[in-house]
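What follows is a short report on a single structure.
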Amino acid sequence: MPAEITKQKSSDSKPVWFVAKGGLEALGLDPAALAWARANGFEGQTGRLLIVPGENGQIAGALLGTGKDDNPLAAGKLAQALPKGAWHLAGFVSAPDLAALGFLLGGYKFTRYTKKDDADVALMLPEGADKADVKRQARAVTLARDLINTPTNDMGPEALEAAVRKVGDEHKASVTVIKGDALLKKNFPMIHAVGRAGSEEPRLIDLEWGKKDAPKVTLVGKGVCFDTGGLDIKPASSMLLMKKDMGGAANVLALASIIMDAKLPIRLRVLIPAVENSISANAFRPSDILTSRKGITVEIGNTDAEGRLVLADALALADEEEPEILIDMATLTGAARVALGPDVPPFYATDESFAADVAKASEAVADPVWRMPLWQPYEARLSSRVADINNVTTDGFAGSVTAALFLKRFVEKTRIWGHFDIYGWNPVEKPHSPVGGEAQAIRALYHVLKTRFPAGK
């Protein structure tokens, strides 16, 4: 990251004022700075940065617009546009943790294949911000972004397994893997079917951490490292972003890293079915009938609805030990994007208290999500004449809802289940996020979990 936060204020540190839309007059700026802002049409527009000149050609400070919503994540613009040097936030900052986090997130660059930038902008930690917590969240978002941004030639199932093992080693977690034909022996037939045509063996990655007698929280992430659509092949234009189809896996691994680093008192399990949905002579076919781990038979109406198949086997395993909370994350449906766009992932929940906590946390930490209904009458649209269920509907309506209902069939014992249909990609640059892979909902979920299971308890 070309940005860092520090607890020490240097003698030459320059001030940055946060300015909400229409809030310029309330800052108490000196007349010259105020006149400069007015002359440049600065009104607190979100993400706009205006350098304020001082005497003798020196910089006196800077103004950062946070918009009408006073979004502290707009601080990401500082990492991108401030001149090299040391800076501090002046005046009142409504959410110091989010301002510091926004600054770090805005400094993100994917540099695996390009020249790396050294840190050259330093921001004093705003008063009231928790440096350790801010940094662990920034590291996690960076991890998710890096994994998603890496193309499949360097992020196939083997590399994804290696990434999980690396995070596991950092936090002394155990990692086991079932792969190839062993998936059939261990009763994960749908993971095997979806991934068997890939050049790398399909696998189920299983990370465990924490005391065995602690409350169980299980995270399941869709790890489709590339999705051609299978025999129901996608058009070329629809494959361009399919390296991000393992975004669910990237996000649950990132969330797990925050949980472990914060030492939340839970028994954590992370399950990632890692496959590539490829085309070969042994690829699974439309009209095939697969018998899932749970025993539910699934007719394949479309091989491009493969994510729910691998998730179903992993969810069935997770459900067998009845965790207190079971969360899955997946780049699952285009219907979710049509309904809510790329920035607001829909989520589904079986517990009202959990759903309310997620919604509240989403607003508190500026990590947008929106609850959608598990509308049970729509399950009939997944009916099959020859199997227990079809993996798709025939009418195309309510695609995200019916996908969630499909998954729900494989979760029976767990009281609290949440499904997050994320996009995992930021198509338009924001102050705190460049175009590319994105972490979604994990900061809100971390907020929920650390509230329910406070560290040190």
Side-chain angles (χ1 to χ4, degrees), residues 136-137 140 144 164 167 171 173-174 204-222 248-273 294 311-330 332 345-362 364-365 367 369-374 404-405 407-422 439-457:
R136 72 169 59 99
Q137 291 183 66
V164 176
V167 172
H171 299 284
S174 67
L204 177 64
I205 307 165
D206 189 345
L207 177 149
E208 292 188 276
W209 173 89
K211 295 181 180 178
K212 291 187 177 181
D213 60 350
K216 292 185 176 104
V217 175
T218 300
L219 310 176
V220 177
K222 174 186 170 185
N251 272 267
V252 297
L253 184 59
L255 175 56
S257 73
I258 306 176
I259 290 169
M260 293 186 289
D261 191 70
K263 296 180 171 54
L264 298 189
I266 63 174
R267 176 64 174 177
L268 176 67
R269 190 177 194 184
V270 179
L271 296 169
I272 294 174
K294 196 172 182 63
L311 285 173
D313 272 356
L315 285 169
L317 172 63
D319 192 53
E320 288 165 13
E321 64 174 11
E322 302 181 41
E324 187 165 328
I325 299 176
L326 172 56
I327 295 166
D328 76 75
M329 305 187 80
L332 204 61
F347 79 98
Y348 302 80
T350 55
D351 182 82
E352 294 301 317
S353 174
F354 175 77
D357 286 350
V358 170
K360 184 177 179 181
S362 166
V365 301
D367 192 10
V369 295
W370 194 264
R371 189 183 185 187
M372 296 275 273
L374 286 163
L405 289 169
L407 296 178
K408 187 174 181 289
R409 287 285 295 270
F410 299 85
V411 180
E412 290 184 333
K413 300 175 182 177
T414 303
R415 184 176 66 85
I416 299 176
W417 169 61
H419 162 59
F420 291 76
D421 191 345
I422 66 171
Q440 292 184 303
I442 65 170
R443 294 189 295 106
L445 285 168
Y446 167 55
H447 190 81
V448 170
L449 293 174
K450 76 175 181 178
T451 301
R452 287 187 173 228
F453 310 106
K457 293 290 178 109

Can you see which heavy atom on [X] is nearest to which on [Y], and at what distance?
| X | Y | answer |
| --- | --- | --- |
| Pro323 | Ala318 | CD-O, 3.2 Å |
| Asn251 | Ala439 | OD1-CA, 3.1 Å |
| Gly221 | Leu311 | C-CD2, 4.1 Å |
| Leu332 | Asp421 | N-OD1, 3.2 Å |
| Tyr348 | Pro373 | CE2-O, 3.4 Å |
| Ile325 | Thr414 | C-CG2, 4.5 Å |

Atom pairs and distances, side-chain donor-acceptor, residues 256-263, under 3.5 Å, sequence neighbours left out:
unit_1 : atom_1 : unit_2 : atom_2 : d
Ser257 : OG     : Ala254 : O      : 2.6
Asp261 : OD2    : Arg136 : NE     : 2.7
Asp261 : OD2    : Arg139 : NH2    : 3.4

request  = Report the residues that fulfil ring-ring contact (aromatic ring centres under 6.0 Å, His included) with Phe410, sequence neighbours left out, ordered by chain and then residue number.
outcome  = Phe406

key: Heavy-atom check, side chain of Val365 versus side chain of Tyr446, under 4.5 Å   = no

query = Looking at side-chain heavy atoms only, is the closest gap between His171 and Leu207 below 4.5 Å?
reply = no

When rounded to the nearest 0.5 angstrom, what is the spacing between [atom1] in [X] and [atom2] in [Y]?
| X | Y | atom1 | atom2 | answer |
| --- | --- | --- | --- | --- |
| Ile266 | Trp209 | CD1 | CH2 | 6.5 Å |
| Leu253 | Ile442 | CG | CD1 | 9.5 Å |
| Asp206 | Thr218 | CG | OG1 | 9.0 Å |
| Asp351 | Ile416 | CG | CD1 | 4.0 Å |
| Arg415 | Phe354 | CZ | CZ | 10.5 Å |
| Gln137 | Leu255 | CD | CG | 10.0 Å |

inquiry  = Please evaluate residues Leu445 and Phe420 with respect to the criterion side chain to side chain contact (heavy atoms under 4.5 Å, CB included), reporting the C-alpha separation (whole Å), side-chain torsions for both, the decisive distance (0.1 Å), and the verdict.
reply    = CA-CA 10 Å; Leu445 285 168; Phe420 291 76; 3.6 Å; yes

ask   = Stepwise, does the side chain to side chain contact (heavy atoms under 4.5 Å, CB included) test hold for Arg371 with Val358?
value = CA-CA 9 Å; Arg371 189 183 185 187; Val358 170; over 6 Å; no

Main-chain N/O of [Y] paired with [X] side-chain donor or acceptor, under 3.5 Å:
| X | Y | answer |
| --- | --- | --- |
| Arg267 | Gly210 | yes |
| Thr451 | His447 | yes |
| Asp367 | Ala361 | no |

inquiry  = Between Val411 and His419, does the side chain to side chain contact (heavy atoms under 4.5 Å, CB included) criterion hold? Intermediate values first, please.
reply    = CA-CA 11 Å; Val411 180; His419 162 59; over 6 Å; no

ask   = Applying the side-chain hydrogen bond (donor to acceptor under 3.5 Å, both in side chains) test to Trp417, which of Asp319, Asp328, Thr350 qualifies?
value = Asp328

Salt-bridge present (Lys216, Glu208; N to O < 4.0 Å) = no

query = Under the side chain to side chain contact (heavy atoms under 4.5 Å, CB included) criterion, do Met329 and Leu219 qualify, and how do the steps go?
reply = CA-CA 8 Å; Met329 305 187 80; Leu219 310 176; over 6 Å; no

request  = Name all pairs fulfilling the salt bridge (Lys or Arg N to Asp or Glu O under 4.0 Å) condition that reach into residues 442-456, sequence neighbours left out, sorted by first residue then second.
outcome  = Asp133-Lys450, Asp357-Arg452

